[in-house]
Amino acid sequence: MKKCVVFIFLIINVLANANVKMPLLFSDGMVLQRDKKIPVWGFADANEKIEVHFNKQIQKTTADKNGKWTLNLNSEKAGGPFELIIIGKNKITIKNILVGEVWICSGQSNMEFQVSKTINAEKEIANSDYPMIRHFGVAQDLSGKPKDDLKAGKWETANKETVGNFTAVGYYFARKLYAELKIPIGIINTSWGGTNVETWTSREAFQKSDDFKSMIAEVPSLNVDSISKLYAKNMKERVEKIQGTPVSTDNENTFKEFDFNDSSWGELNTPSLWENQPLGDLDGIVWMRKTITLSAEDIKNKLTLYLSKIDDEDITYVNGIEVGRNTQYDIKRVYEIPSNILKEGKNVIAVRIVDNGGGGGIYGESADLKLALGSKNIPLDGKWKFKVIVVKTALSPNSYPSLLYNAMINPLVPYAIEGVLWYQGEANVWRANQYKKAFPLMITDWRTKFKQGDFPFYFVQLSTFNEFNGNSKTGSRWAELREAQSETLKLPNTGMAVTTDIGNAKDIHPTNKQDIGLRLAAVALNNVYGKKQVHSGPTYKSQEIKGNQIILTFDNLGTGLSTPNNDELKGFEIAGADKVFHSAKAIIKDNKIVVSSDQVQNPVVVHYGWADDDTEINLFNKEKFPASPFRTDNWEMITANEVYKVSK
């Protein structure tokens, strides 16, 4: 009996410790990259012998002392389905594998944006039966140190039951590639809304960068729990210093009251996310208050309170009485106010805001922040009083650098890929000038980690969004970020889809993702797949000053410059040495643009589309690709001195 018990114990111990395990990325339905060596890796016992079978290949290796192993299969042509068999002390069979083209899709919310939310979504989903298109959705996760495997994720085949949850940009890109190439397409979607580029970049990249090594030296290399505690402590102390009062829920029930004294509270510019203000990357609960003065005549009419949008949740009070609440971050708040609530003289609007992650606060159009009294509108934009009463202790992706790289990119390395699609930048507009260094650093970092050369890296230039009402006169953070993206094209094997004509100035998430996917596909088809075609719009090359005119020349003309329906050119501005910009007349002549203004007799520079909201600009080539916004000067911009800082 004793021998039998010992034998059973030994068998259980072997079964518990001997199993080969594969990363989640290696699972049924996967797509492997064609025409490249195929890295395969996994986990086993120390020094365990591993054998891998695929198609007609058999490769062998041995796990290292930590139980990790890796090998390279020889390249394969497109095809399938195949099986991948991994044999150690146990055997794993991965089924229904295709070989084709694999692209990583990453960035923030506009890459995360799902097919189900795009224009014509119902029709798109109904016609989505593409068994050769596969999508791997990486589960969102954070880590203070590089992880070996993902939190969760699975491969899914495109059909009407699944495609609604696919990354829209990635899916429409893949669909176009499949239509042209007729081979399997795999897209790996690893994205997270509201995230900055620094969280997607590895610690090692920052350490090797002269621009960022002093910053990263101050960031602890700890597990998430330890970092969370440190972050919560630092954030609470920082907020208390900014607002001048403790972070506390004490007496919170009085904050909505008409006669509460908020003179000691801090102030926020409104509407604007507080991430774009000194309050910074805060998740938690914040009260905001606004005092207005009304006449006896004002309060006789029907009263409606417009609070633009509030990220994420609000309960809104007027003179201590609740008038409305909502939990959707992207819905405009419109609350009717009973006629007996307002008073002649002083009135107080108080809003309790809960921010669960990403952006926070009252945001949107200034025109949508008002009190409507019949036909009269009282603007409510400007300074609002605020008090933070709760700081969430949980980390957000932007709390520290590298958190998303560690959890959502490192586990993908060194999977064989053709390239990367990237849609991000909205979270970096506040320090757009530094993005000229931070974005190329991340691209180079990923290329270094994957060890597959300078693979294609194609990205989407930010479309119009009127976040700050920025323009040439006041400065435009969004225009500066677009410029940083354009300058990133100096890196080898990069490409950019310009989206000036398909954005929405009032919605940071434009729903036309079809054209974005098609434009990225046009770049890939030309650069990677030999389908030689015009694939981008005009890009500024040089200027020549002649009298009171400036003559602009361009690259990527296609078959010539044009405007839709031969309309008059819009979006050009001109300035002299005084740096004061005026709207300019612009005409196309011999595939150049001649710019002038009666108000500028001695012009020096030109701006095109230099605004947060560049909706009206209309320079294209005849192949209908829009020109990228640009400036011809090198004058200092408003984000010149804004740099990434770690919360202390």
Side-chain angles (χ1 to χ4, degrees), residues 243-245 249-274 276-277 279 285-355 360-389 466-469 474 505-506:
Q243 70 181 18
T245 58
T249 58
D250 290 350
N251 302 315
E252 179 193 2
N253 62 321
T254 66
F255 295 169
K256 67 179 183 290
E257 299 299 336
F258 168 79
D259 55 359
F260 176 79
N261 183 359
D262 58 20
S263 60
S264 64
W265 287 18
E267 291 184 327
L268 287 172
N269 292 320
T270 310
S272 178
L273 296 174
W274 51 60
N276 297 327
Q277 302 187 61
L279 200 53
I285 302 175
V286 180
W287 278 88
M288 295 183 67
R289 286 170 55 98
K290 180 78 168 180
T291 299
I292 58 174
T293 301
L294 301 175
S295 68
E297 189 66 26
D298 288 335
I299 61 178
K300 290 180 180 179
N301 299 306
K302 179 182 178 181
L303 311 170
T304 306
L305 177 61
Y306 294 84
L307 290 179
S308 194
K309 301 175 185 178
I310 298 179
D311 194 344
D312 293 295
E313 306 172 11
D314 75 289
I315 305 176
T316 297
Y317 304 85
V318 175
N319 293 337
I321 306 299
E322 181 180 332
V323 296
R325 60 174 67 196
N326 202 304
T327 60
Q328 294 180 263
Y329 79 96
D330 57 351
I331 297 296
K332 290 182 180 179
R333 272 52 169 180
V334 181
Y335 299 138
E336 300 297 326
I337 305 175
S339 59
N340 62 336
I341 288 181
L342 294 179
K343 307 174 181 181
E344 182 181 359
K346 172 185 171 183
N347 292 264
V348 176
I349 302 165
V351 187
R352 186 183 191 269
I353 301 173
V354 178
D355 177 26
I362 302 172
Y363 74 104
E365 293 286 307
S366 293
D368 293 331
L369 190 60
K370 62 188 178 182
L371 184 64
L373 310 170
S375 60
K376 177 181 178 181
N377 290 326
I378 296 179
L380 298 177
D381 59 331
K383 300 290 187 181
W384 282 57
K385 294 285 189 176
F386 82 94
K387 180 175 173 61
V388 181
I389 63 168
N466 199 22
E467 183 170 11
F468 308 108
N469 295 308
T474 61
K506 295 184 178 181

Original post:
When W287 is tested against each of F260, W265, F386, W384 for side chain to side chain contact (heavy atoms under 4.5 Å, CB included), which residue passes?
Top reply: W265
Original post:
More than 12 non-hydrogen atoms from neighbouring residues, nucleotides or ligands closer than 6.0 Å to NZ on K506, yes or no?
Top reply: no
Subject >> From L371 atom CG to T304 atom OG1, the distance as rounded to the nearest 0.5 Å >> reply: 8.0 Å
Original post:
How many angstroms lie between CG in L380 and CG in D368, if you round to the nearest 0.5 Å?
Top reply: 11.5 Å
**OP:** Kindly compute the distance separating CG (D250) from OG1 (T245), expressed to the nearest 0.5 Å.
**Re:** 11.0 Å
Original post:
Does the side chain to side chain contact (heavy atoms under 4.5 Å, CB included) test come out yes or no for K309 and I362, once each step is laid out?
Top reply: CA-CA 6 Å; K309 301 175 185 178; I362 302 172; over 6 Å; no
Subject >> Salt bridge present between R289 and D262 (N-O < 4.0 angstrom) >> reply: yes
Subject >> Sequence-distant partners of K300, salt bridge (charged side-chain N to carboxylate O under 4.0 Å, His left out), two or more places apart >> reply: E297
Original post:
Is the shortest heavy-atom distance from the side chain of D355 to the side chain of V286 under 4.5 Å?
Top reply: no
Original post:
Any side-chain heavy atom of N469 within less than 4.5 Å of one from T474?
Top reply: no
Subject >> D314 CG to T327 OG1 distance, which is reported to the nearest 0.5 Å >> reply: 9.0 Å
Original post:
Between the side chain of T316 and the main-chain N/O of V351, is any donor-acceptor distance below 3.5 Å?
Top reply: no
Original post:
Do N347 and I299 pass the side chain to side chain contact (heavy atoms under 4.5 Å, CB included) test, and can you show the C-alpha distance, the side-chain angles, and the key distance before you say yes or no?
Top reply: CA-CA 11 Å; N347 292 264; I299 61 178; 5.5 Å; no
Original post:
For N251, does its backbone N or O pair with a side-chain atom of T254 as donor and acceptor, under 3.5 Å?
Top reply: yes
**OP:** Would you give the length of the straight line joining atom CD of E313 to atom CD of Q328, rounded to the nearest 0.5 angstrom?
**Re:** 10.5 Å
Original post:
Considering all heavy atoms of both residues, which atom of A350 and which atom of F255 are nearest to each other, and what is their separation?
Top reply: CB-O, 3.9 Å
Subject >> Student check: side-chain heavy atoms of V318 and Y335 closer than 4.5 Å >> reply: no
Original post:
Which heavy-atom pair separates R333 from I331 by the least distance, and what is that distance?
Top reply: NH1-O, 2.7 Å
Original post:
Mind checking whether L307 and L369 have side chains closer than 4.5 Å, heavy atoms only?
Top reply: yes
Original post:
Is there side-chain contact between K385 and K290, with heavy atoms separated by less than 4.5 Å?
Top reply: no
**OP:** Name all residues meeting the salt bridge (charged side-chain N to carboxylate O under 4.0 Å, His left out) criterion together with D381; count only those two or more places apart in sequence or in a different chain, and write none if there are none.
**Re:** none
Subject >> Minimum heavy-atom distance V348-F258, with the two atoms named >> reply: CG2-O, 3.7 Å
Original post:
What salt bridge (charged side-chain N to carboxylate O under 4.0 Å, His left out) pairs are there with at least one residue in residues 334-349, not counting sequence neighbours?
Top reply: none
**OP:** Looking only at non-hydrogen atoms, find the nearest pair between V388 and Q243 and report the distance.
**Re:** N-OE1, 2.8 Å
**OP:** Check whether any side-chain N or O of S263 sits under 3.5 Å from a backbone N or O of N261 as a donor-acceptor pair, and report yes or no.
**Re:** no
Original post:
Are the side chains of I310 and I353 in touch, meaning some heavy atoms are under 4.5 Å apart?
Top reply: yes
**OP:** Output the distance between atom CG (L342) and atom CG (N319), rounded to the nearest 0.5 Å.
**Re:** 6.0 Å
**OP:** Return the minimal non-hydrogen interatomic distance between K376 and D298, and the atom names on each side.
**Re:** NZ-OD1, 2.9 Å
Original post:
Is the closest side-chain heavy-atom distance between L373 and L294 below 4.5 Å?
Top reply: yes
Original post:
If you look at every heavy atom in I285 and R352, which pair is closest and at what distance?
Top reply: CD1-NH2, 3.4 Å
